[in-house]
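Below is one structure, written out as structure tokens; the observations come after it.
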Amino acid sequence: MIYVVEGTVTAGFVSGVATNTVYLNKLSKGEIMIFPQGLVHFQVNTGTETAVVLATYGSEDPGTQIISPALFGNNLPSLLVEKATNIDEAEVKKLKVLLGGSG
């Protein structure tokens, strides 16, 4: 779970490998988002100011998900993938083509 103390963040997660559906939320100060256990998730500062977020974990068992198809085999916007992974735009686009993603 994350709680936005200050700023604006875009947060989301990718459902299991079968569908790779992306769920996104734009969160502002005072809002929370809960991530399902074991799924690839991210949060990126998409505002113009510094963002402060508190994170908590519901279990010491993180679960697992195969990360390559979860990040690149869907319609998750490339800009968010670039920011969340520090992979450059050209490489993100190449991986999306390779793994069947768009965006």
Side-chain angles (χ1 to χ4, degrees):
M1 179 188 86
I2 63 170
Y3 171 77
V4 181
V5 178
E6 293 178 17
T8 302
V9 299
T10 297
F13 62 91
V14 181
S15 69
V17 176
T19 62
N20 277 336
T21 303
V22 176
Y23 297 91
L24 291 173
N25 278 321
K26 189 170 186 177
L27 305 171
S28 300
K29 181 179 180 177
E31 295 184 309
I32 66 168
M33 183 166 181
I34 298 173
F35 302 102
Q37 182 177 354
L39 297 184
V40 171
H41 59 279
F42 57 90
Q43 45 279 327
V44 176
N45 182 357
T46 52
T48 58
E49 302 174 4
T50 299
V52 177
V53 176
L54 297 177
T56 65
Y57 299 95
S59 171
E60 60 188 41
D61 176 15
T64 59
Q65 184 178 18
I66 300 171
I67 199 159
S68 297
L71 281 178
F72 305 108
N74 54 49
N75 65 345
L76 181 60
S78 294
L79 182 60
L80 290 177
V81 176
E82 293 165 32
K83 286 185 173 189
T85 62
N86 290 321
I87 298 174
D88 68 55
E89 178 181 9
E91 192 67 23
V92 167
K93 287 183 178 179
K94 186 161 98 177
L95 289 165
K96 281 185 163 279
V97 168
L98 183 67
L99 294 167
S102 64

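Bear in mind that the values here come from a model prediction, so they are computed numbers and not experimental data.
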A side-chain contact here means heavy atoms from C-beta on lying under 4.5 Å apart; do Leu76 and Leu24 qualify?
yes
Side chain Thr10, main chain Lys26, donor-acceptor under 3.5 Å
no
Rounded to the nearest 0.5 Å, the CE atom of Met1 sits from the CD1 atom of Ile34 at a distance of 6.5 Å
dist Leu95:CG -> Ser78:OG (nearest 0.5 Å) comes out at 10.0 Å
- Message: Grouping I, L, V, M, F, W and Y whenever their side-chain heavy atoms are under 4.5 Å apart, do Val44 and Phe35 come out in a common cluster?
- Response: no
**OP:** Report the C-alpha separation of His41 and Phe13 in whole Å, then their side-chain angles, then the decisive distance to 0.1 Å, and conclude whether the ring-ring contact (aromatic ring centres under 6.0 Å, His included) test is met.
**Re:** CA-CA 4 Å; His41 59 279; Phe13 62 91; 8.7 Å; no
Item to complete: Report the C-alpha separation of Ser68 and Leu99 in whole Å, then their side-chain angles, then the decisive distance to 0.1 Å, and conclude whether the side chain to side chain contact (heavy atoms under 4.5 Å, CB included) test is met.
Response: CA-CA 8 Å; Ser68 297; Leu99 294 167; 4.0 Å; yes
- Between Val5 and Leu54, does a side chain to side chain contact (heavy atoms under 4.5 Å, CB included) hold up when you go through it step by step? CA-CA 7 Å; Val5 178; Leu54 297 177; 3.7 Å; yes
### Query
Applying the 4.5 Å side-chain criterion to the ILVMFWY set and letting contacts propagate, would Phe72 and Tyr23 be lumped into a single cluster?
no
Next item on the list: Say whether, by atom type as modelled, one donor and one acceptor occur between the side chain of Asn25 and the main chain of Met33 under 3.5 angstrom.
Entry: no
OG1 of Thr85 to CD of Glu91, rounded to nearest 0.5 Å, is 10.0 Å
Correct closest heavy-atom pair for Ser15 and Leu39 would be CA-CD1, 4.1 Å
Just so I know, are the side chains of Ile2 and Ile32 near enough to count as touching, which here means a heavy-atom distance under 4.5 Å? no
Separation between OG1 (Thr46) and NZ (Lys83), nearest 0.5 Å, reads 6.5 Å
Value for CD1 (Ile87) from NZ (Lys94), rounded to nearest 0.5 Å, stands at 11.5 Å
CG (Asn45) and OG1 (Thr8) are apart, to the nearest 0.5 Å, by 7.5 Å
Between Ser102 and Lys96, is a side chain to side chain contact (heavy atoms under 4.5 Å, CB included) present by the stated rule, with each step listed?
CA-CA 6 Å; Ser102 64; Lys96 281 185 163 279; 6.0 Å; no
Side chains of Tyr3 and Lys29: does their closest heavy-atom pair fall under 4.5 Å?
no
- Given side chain to side chain contact (heavy atoms under 4.5 Å, CB included), test Phe42 with Leu80 step by step and report yes or no. CA-CA 9 Å; Phe42 57 90; Leu80 290 177; 4.3 Å; yes
Closest heavy-atom pair, Val81 versus Leu71, reported as atoms and distance to 0.1 Å, is CG2-O, 3.8 Å
Tightest non-hydrogen contact, residues Val4 and Ser28, listed as CB-O, 3.5 Å
